[in-house]
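Inspection log for the structure reproduced underneath, given as structure tokens.
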Amino acid sequence: MSEPDGRLTALRGQAREWAADFRAAALELDRDPELIKDCLDLPGVRFLGTFGVPAAFATEPPAVGPYRFDGTNGLERAVVLEEFAAGDLGMTLAAPGPSMSGVLVAKLGDEEQQEWFFGRMTAAPTWTCFALTEPDRGSDASALGTSLREEDGELRLTGAKRYVGNAARARYATVFARTRPGPLGVTAVLLDTESEGYHAEPLDSLGIRGAQIGQITLDGAVVARDRVLGRHLSPARRGIWASVQVFNELRPTVAALALGVAVAAHAYVREHYAGARGEDRDRVEVLGRRIDATRALVHRAASAVDATGDGYLASAAKARACALAEETTLAACELLAPAARPSHPLLDKLVRDARGVEFMEGTRNIQHLNLFQGLRSGKVGA
């Protein structure tokens with residue numbers, strides 16, 4: 001992809017300015033994730049609150065200069081979220097807003113469901129969560145154990161979810177469940193988390209603490225019939241198909257988040273080891289060039305998903321960006337040694353966050369398998 005146009009350049013510059021607020025609060029939020037509630041007035045957090053709401057449902061799409069951005073374009077998301085993650089990944093993921101659930105509702109929801117969901121995003125800062133991953137099953141939609149059944153004239157969810165960002169603070173959740181055996185028996189629903197039978201609690205984590213990754217227990221939680229997503233679509237176009245489409249669309253975004261962590265670590269070592277010479281200086285410069293090359297790949301992957309929905313190149317971007325985030329943060333520690341992590345708490349946080357982002361939206365081996373399928377089918381590298 002060529003250099004960003006004026007519109008995206010303006011977006012990047014504004015996001016970078018807002019990200020400075022994220023960086024200033026990063027360590028405090030890492031210690032106490034509840035502090036996100038004191039950050040709701042930060043411009044970047046307010047921006048994320050409606051970023052992803054389609055223009056048709058936005059009272060006023062977020063503006064940067066003369067441009068407006070609704071966040072439904074993958075390349076826009078990649079540009080913004082790289083800068084925000086370079087400020088702080090925890091704050092970026094802890095912010096209220098439609099996030100992954102918004103992408104799912106935009107793909108599967110009928111007009112009434114979209115108006116209901118996105119209307120709540122624009123009315124006030126609202127947390128959401130995307131509940132697919134299950135204990136002992138991971139995010140394999142075909143192996144779901146959570147069930148959606150009719151009991152006493154009501155639809156009820158029963159099961160468990162794990163590793164769900166913002167699970168304990170979300171007001172609305174999109175939940176994948178099974179209505180019957182087989183690949184066409186998977187569906188997704190919109191759930192009000194104040195429903196009886198929804199229980200969520202945070203899990204202890206080393207990285208990305210701000211997002212309060214948690215586990216959910218569903219004990220007969222009632223789902224309104226008009227909140228079953230994809231009700232106007234054929235079974236083949238909801239459920240497993242929907243989860244794949246959402247992951248394809250968001251994979252470049254996750255790659256951008258990982259890239260932002262690498263950018264932050266690279267900037268940190270340049271600031272704190274400005275006098276690097278010889279091999280150390282060369283190592284820092286090589287990392288910078290690799291970051292630039294990975295950014296080009298992330299943007300190309302985002303453009304491909306926007307154009308075709310194809311996620312194979314996005315798998316390459318996600319795998320490479322996550323590897324680069326880990327390599328850059330660890331290299332920064334080596335360059336600032338001895339005792340770099342105890343002496344540099346922000347760098348220590350970047351190391352922990354870099355490892356955490358590896359597990360978002362499929363680990364590296366899953367991305368390699370997906371990329372291999374694309375290469376074998378000729379959809380990548382043709």
Side-chain angles (χ1 to χ4, degrees), residues 1-4 8-9 12-31 44 78-92 206-210 254-301 316-358 360 364:
M1 172 184 167
S2 58
E3 288 297 310
L8 291 179
T9 298
R12 179 183 294 281
Q14 183 62 82
R16 185 171 296 173
E17 180 181 325
W18 287 336
D21 295 331
F22 288 20
R23 191 174 304 110
L27 291 176
E28 291 185 21
L29 184 66
D30 191 60
R31 285 189 289 268
V79 167
V80 167
L81 294 177
E82 178 196 332
E83 295 298 334
F84 281 173
D88 181 43
L89 179 62
M91 179 78 76
T92 303
L206 289 176
I208 322 179
R209 290 174 176 167
V254 179
L257 293 172
L259 180 61
V261 174
V263 168
H266 186 252
Y268 192 92
V269 76
R270 285 174 65 90
E271 177 185 352
H272 290 84
Y273 192 19
R277 296 288 184 271
E279 291 183 3
D280 285 356
R281 181 186 62 191
D282 293 343
R283 190 176 182 186
V284 173
E285 290 180 354
V286 167
L287 286 170
R289 290 195 292 271
R290 290 181 61 197
I291 286 171
D292 290 341
T294 302
R295 180 179 297 113
L297 175 60
V298 171
H299 289 185
R300 184 180 171 193
K318 200 270 181 180
R320 182 179 294 183
C322 287
L324 182 61
E326 290 191 46
E327 292 170 21
T328 305
T329 53
L330 293 176
C333 291
E334 293 173 5
L335 289 163
L336 294 175
R341 292 179 68 171
S343 304
H344 298 270
L346 186 58
L347 179 58
D348 173 72
K349 180 184 182 303
L350 290 170
V351 174
R352 291 185 280 110
D353 285 352
R355 186 58 184 161
V357 79
E358 161 70 14
M360 294 172 58
R364 211 167 303 167

Quiz item: For the residue pair Ala321 and Ala255, what are the closest heavy atoms and their distance?
Solution: CB-O, 3.3 Å
Quiz item: Can you tell me if CZ on Arg270 sees more than 12 non-hydrogen neighbours from other groups inside 6.0 Å?
Solution: no
Practice problem: Tell me, with the steps shown, if Lys349 and Asp88 meet side chain to side chain contact (heavy atoms under 4.5 Å, CB included). | Solution: CA-CA 9 Å; Lys349 180 184 182 303; Asp88 181 43; 2.5 Å; yes
Self-check item: Interatomic spacing from CG in Leu287 to OG1 in Thr328 - rounded to 0.5 Å
Solution: 4.5 Å
Practice problem: Kindly give the heavy-atom pair with the smallest separation between Cys333 and Ala340, and that separation in Å. | Solution: O-CB, 3.4 Å
Practice problem: Enter the distance from Arg281:CZ to Leu335:CG here, rounded to the nearest 0.5 Å. | Solution: 13.0 Å
Exercise. Determine yes or no for a side-chain-to-main-chain donor-acceptor pair under 3.5 angstrom, with Glu358 supplying the side chain and Arg364 the backbone.
Key: yes
Practice problem: Walk me through it: do Asp282 and Glu285 pass the test side chain to side chain contact (heavy atoms under 4.5 Å, CB included)? | Solution: CA-CA 5 Å; Asp282 293 343; Glu285 290 180 354; 4.3 Å; yes
Exercise. Would you mind reporting whether Arg12 and Thr9 have side-chain heavy atoms less than 4.5 Å apart?
Key: no
Exercise. Check whether any side-chain heavy atom of Glu83 sits under 4.5 Å from a side-chain heavy atom of Val263, and report yes or no.
Key: no
Exercise. Classify the angle between the aromatic ring planes of His272 and His344 as parallel (below 30°), tilted (30 to 60°) or perpendicular (above 60°).
Key: perpendicular
Exercise. Check whether any side-chain heavy atom of His266 sits under 4.5 Å from a side-chain heavy atom of Arg290, and report yes or no.
Key: no
Quiz item: Is Arg289 salt-bridged to Asp292, cutoff N-O under 4.0 Å?
Solution: no
Exercise. Give the minimum heavy-atom separation between Ala262 and Ile291, together with the two atoms involved.
Key: O-CD1, 3.7 Å
Quiz item: What's the shortest heavy-atom distance between Leu336 and Tyr273, and which atoms?
Solution: CD2-CB, 3.7 Å
Quiz item: If every non-hydrogen atom of Leu350 is compared with every non-hydrogen atom of Ala264, which pair is closest and at what distance?
Solution: CD2-CB, 3.8 Å
Quiz item: Leu347 and Thr329: which non-hydrogen atoms are nearest, and at how many Å?
Solution: CD1-O, 4.2 Å
Quiz item: Just wondering, are more than 12 heavy atoms of other shown residues or ligands nearer than 6.0 Å to CG in Leu206?
Solution: no
Quiz item: Mind checking whether Arg209 and Leu29 have side chains closer than 4.5 Å, heavy atoms only?
Solution: no
Quiz item: Which distance, rounded to the nearest 0.5 Å, do you find between the CD of Glu327 and the SG of Cys322?
Solution: 11.0 Å
Quiz item: Rounded to the nearest 0.5 Å, how far apart are CG of Leu257 and CZ of Phe84?
Solution: 11.0 Å
Self-check item: Side-chain (Lys318) to main-chain (Ala258) donor-acceptor, under 3.5 angstrom
Solution: no
Self-check item: Atom CZ of Arg320 with >12 non-hydrogen neighbours under 6.0 angstrom
Solution: no
Quiz prompt | Backbone N/O of Ile208 and side chain of Asp353: donor-acceptor pair under 3.5 Å | solution = yes
